[in-house]
Trainee: 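Encoded as structure tokens, here's the structure I'll be asking about.
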Amino acid sequence: MTDYTVHIVDDEEPVRKSLAFMLTMNGFAVKMHQSAEAFLAFAPNVRNGILVTDLRMPEMSGVDLLRNLGDRKIKIPSIVITGHGDVPMAVEAMKADAVDFIEKPFEDTVIIEAIERASEQLVVPQADVDEANHIRARLQTLSERERQVLSAVVAGLPNKSIAYDLDISPRTVEVHRANVMAKMKAKSLPHLVRMALAAGFGPS
């Protein structure tokens with residue numbers, strides 16, 4: 001059993017209950033919230049909690065929820081899930097301090113591992129500092145062109161726009177992106193964005 005509670009925010013009841021059931025069966029303590037507004041009202045009462053929120057919801061999106069929590073100085077390690085993921089959304093989620101950004105449909109192990117990573121922020125704040133230092137060391141291995149491509153990716157630009165701005169072919173952008181992913185040891189594009197932002201690397 002974990003010593004923290006996973007708070008699920010999703011406006012779709014079947015999705016909310018399905019995720020809650022799966023996590024409960026895997027030993028997590030779970031509490032469900034039917035809207036971002038409902039969780040925001042409850043948030044001051046959260047102690048040792050992890051937030052898993054859907055991105056697209058009526059009235060207030062998952063990213064807006066994270067921004068509201070930040071404005072209120074309420075720190076809760078958060079994971080954003082969506083069925084409509086793209087690079088700009090991932091960037092906005094990470095800038096709003098999301099620990100991870102996961103696209104639906106996902107395997108149970110993906111969300112479980114993301115929650116476990118998020119839980120590290122509850123007990124080992126120093127882990128964030130250590131991770132940022134490791135990421136900065138990897139950034140130093142990138143060539144100037146790779147850094148330019150990474151900066152454009154973090155800005156949320158698609159390959160065609162990056163190619164146009166750098167006066168190179170889209171295929172060359174893909175090669176540079178693949179090299180950046182390998183050198184940074186990124187498991188996915190959202191993971192790459194999260195690492196870059198954690199190290200303070202952004203568009204120049």
Side-chain angles (χ1 to χ4, degrees), residues 2 4 6 8 10 15 19 22-23 26-28 50-56 62-63 66 76-143 145-159 162 170-203:
T2 60
Y4 53 85
V6 179
I8 299 172
D10 198 307
V15 175
L19 182 55
M22 184 276 289
L23 292 176
N26 279 277
F28 292 92
I50 305 291
L51 170 62
V52 177
T53 179
D54 191 32
L55 176 66
R56 293 179 183 268
V63 170
L66 266 57
I76 303 172
S78 305
I79 298 162
V80 176
I81 56 176
T82 179
H84 310 274
D86 60 16
V87 176
M89 286 182 184
V91 172
E92 289 306 308
M94 300 308 168
K95 285 182 177 177
D97 281 339
V99 176
D100 221 330
F101 182 92
I102 299 174
E103 294 182 52
K104 303 174 187 174
F106 47 77
E107 298 290 334
D108 292 354
T109 53
V110 172
I111 189 70
I112 288 171
E113 288 172 0
I115 291 170
E116 290 173 343
R117 281 195 301 274
S119 72
E120 293 172 5
Q121 294 193 2
L122 295 173
V123 292
V124 193
Q126 181 61 31
D128 289 347
V129 178
D130 293 341
E131 181 188 21
N133 289 336
H134 288 310
I135 294 168
R136 291 190 186 100
R138 291 177 207 155
L139 285 169
Q140 295 304 313
T141 69
L142 301 182
S143 68
R145 180 63 87 193
E146 288 166 351
R147 290 174 69 87
Q148 290 172 339
V149 169
L150 175 58
S151 180
V153 168
V154 173
L157 298 178
N159 282 358
I162 298 173
R171 174 59 186 156
T172 301
V173 173
E174 290 177 10
V175 171
H176 285 311
R177 260 178 62 161
N179 289 340
V180 170
M181 294 280 287
K183 289 184 177 180
M184 294 299 294
K185 299 181 180 178
K187 298 175 183 177
S188 64
L189 187 58
H191 184 213
L192 177 67
V193 171
R194 182 180 70 82
M195 287 195 294
L197 293 175
F201 184 91

Trainee: Can you find a pair of side-chain heavy atoms, one from I112 and one from L23, that are under 4.5 Å apart?
Mentor: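 A side-chain contact under 4.5 Å exists here.
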Trainee: Do V52 and I102 have side-chain heavy atoms sitting under 4.5 Å apart?
Mentor: no
Trainee: Under the side-chain hydrogen bond (donor to acceptor under 3.5 Å, both in side chains) test, which residues partner K185, sequence neighbours left out?
Mentor: none
Trainee: Between the side chains of E174 and R171, is the shortest nitrogen-to-carboxylate-oxygen separation below 4.0 Å, so that they form an ion pair?
Mentor: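 Answer for the salt bridge query: yes.
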Trainee: Just by modelled atom types, is the I76 backbone N or O under 3.5 Å from a matching donor or acceptor in the S78 side chain?
Mentor: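 Yes.
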Trainee: Return the set of residues passing side-chain contact (heavy atoms from CB on, under 4.5 Å) with A96 (not counting sequence neighbours), or none when no residue passes.
Mentor: V63, L66, R67
Trainee: Within a strict 4.5 Å, meaning less than it, do heavy atoms of the M94 and V154 side chains meet?
Mentor: no
Trainee: With sequence neighbours excluded, tell me which residues meet side-chain contact (heavy atoms from CB on, under 4.5 Å) with N179.
Mentor: E146, V175
Trainee: Hey, does I115 have a side-chain heavy atom less than 4.5 Å from the side chain of V6?
Mentor: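 Yes - at least one pair of side-chain heavy atoms lies under 4.5 Å apart.
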Trainee: Return the set of residues passing side-chain contact (heavy atoms from CB on, under 4.5 Å) with V99 (not counting sequence neighbours), or none when no residue passes.
Mentor: P77, A118, Q121
Trainee: Under the salt bridge (Lys or Arg N to Asp or Glu O under 4.0 Å) test, which residues partner E116, sequence neighbours left out?
Mentor: none
Trainee: Rounded to the nearest 0.5 Å, what's the gap from NE2 on H176 to CD1 on I162? Could you check?
Mentor: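 It comes to 10.5 Å.
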Trainee: Are the side chains of T172 and R145 in contact, using a 4.5 Å heavy-atom criterion?
Mentor: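 No; the side chains remain at least 4.5 Å from each other.
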Trainee: side-chain contact (heavy atoms from CB on, under 4.5 Å) with M184: which residues, sequence neighbours excluded?
Mentor: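 Listed in chain order: I135, R138, L139, L142, V180, L192, M195.
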Trainee: For the CG atom of L19 and the CG atom of D108, what is their distance to the nearest 0.5 Å?
Mentor: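 The distance works out to 8.5 Å.
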Trainee: Atom NZ of residue position K187 - does it have more than 12 heavy atoms of other residues, nucleotides or ligands inside 6.0 Å?
Mentor: no
Trainee: Find out whether I81 and I111 are in side-chain contact, i.e. whether some heavy atom of one side chain is under 4.5 Å from a heavy atom of the other.
Mentor: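 I81 reaches I111 side chain to side chain.
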Trainee: Does the side chain of R117 come within less than 4.5 Å of I79's, by heavy atoms?
Mentor: no
Trainee: Can you tell me how far apart OG1 (T141) and CZ (R147) are? Round to the nearest 0.5 Å.
Mentor: 9.5 Å
